[in-house]
Amino acid sequence: MSGLTIENVSMRFDLPNGTSVQALKDVSLDIKEGELMSVLGPSGCGKTTLLNILAGFLAPTEGRITLNGHPVKGPDAERGMVFQQGALFEWMNVRDNVSFGPRMAGKRERDWGANVDHLLDVVGLRDFKEKAVYELSGGMQQRVALARCLANDPDVILMDEPLGALDALTREKMQGLVLRLWKETGKTIILITHSVEEALLLGERLLVMAPRPGRIHEEYRLPFADEGV
Ligand code: ADP
Ligand code: ADP
């Protein structure tokens with residue numbers, strides 16, 4: 001079975017003071033391969049918790065996650081994460097950041113080199129390869145983050161408010177880039193956002209979550225407008 005399946009997932013955080021927080025309650029969801037889904041909902045409704053569970057960073061207290069029929073047990077290269085900000089190696093240059101995954105996987109430059117250069121072209125950073133990340137603008141850093149994620153060739157891209165910290169104009173450009181990448185690569189993309197507008201633009205499927213406890217409140221499928229982005 002292909003795609004990502006979430007079955008009856010609940011997450012409870014036990015706090016040191018003996019109380020606990022029910023961050024997610026009985027969440028079930030099937031995400032088909034190649035779907036673009038955005039997740040919207042108020043602060044505290046469990047969006048980040050859900051994404052961290054999908055990434056394998058957190059184990060749910062109940063329920064299970066499968067990717068293409070196989071249980072998700074921990075983080076691996078099949079699911080790539082793009083964070084809001086700050087997850088790059090700021091002192092390293094752009095190319096080393098983007099090639100980090102393949103290098104850690106023990107691949108040789110002749111195997112990843114051309115692809116990394118291609119990705120830097122795709123995200124428009126060809127001329128910035130040698131720059132250290134801290135020298136770049138916020139928008140450029142998020143493009144590095146996107147390219148770094150793509151360099152691992154994940155089946156599923158998980159984005160935790162990747163555009164939340166950007167100014168309006170930069171955000172608009174990045175939204176166009178995400179949409180273009182989705183269309184070109186056919187990858188499954190799940191994107192958390194606080195912006196209704198962004199959710200409508202970047203979701204053929206839109207999930208609205210509600211808090212206390214975090215759960216799926218409503219789901220929409222949107223006819224996808226294909227206007228020259
Ligand atoms: P969102 O991303 O929608 O803002 P989160 O997933 O961050 O929501 O949080 C959902 C709930 O779980 C919140 O009440 C939050 O305080 C709680 N929570 C999240 N992570 C932890 C943690 N590591 N320990 C304790 N409580 C947590
Ligand atoms: P974005 O964040 O979408 O790249 P910006 O408005 O931040 O947009 O930057 C616009 C352009 O200015 C960039 O595409 C780049 O060509 C140039 N630029 C921005 N920051 C830097 C920098 N620190 N060093 C060199 N050029 C930069």
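All values reported here derive from a predicted model rather than from experimental measurement. Both backbone and side-chain heavy atoms feed into the values below; hydrogens, waters and symmetry mates do not. Each ligand, and each atom within it, is numbered from 1 in the order the structure gives.
The shortest distance between side-chain heavy atoms of E204 and L222 does not fall below 4.5 Å. Within the 4.5 Å cutoff, no side-chain heavy atoms of L40 are placed close to those of L207. Put simply, the side chain of M209 does not reach to within 4.5 Å of the side chain of H217, judged on heavy atoms.
Within the structure, every pair that satisfies the salt bridge (Lys or Arg N to Asp or Glu O under 4.0 Å) test and touches residues 96-115, not counting sequence neighbours, is listed here: R95-E109. Sorted by first and then second residue, the pairs that involve residues 135-190 and meet ring pair (Phe, Tyr, Trp, His ring centres under 6.0 Å), not counting sequence neighbours, are W182-F224. Pairs engaging residues 148-160 under the salt bridge (Lys or Arg N to Asp or Glu O under 4.0 Å) rule: D153-K187 [sequence neighbours left out].
Near ligand 1, residues F13, L15, V21, A23, P42, S43, G44, C45, G46, K47, T48, T49 come within 4.0 angstrom through at least one heavy atom.
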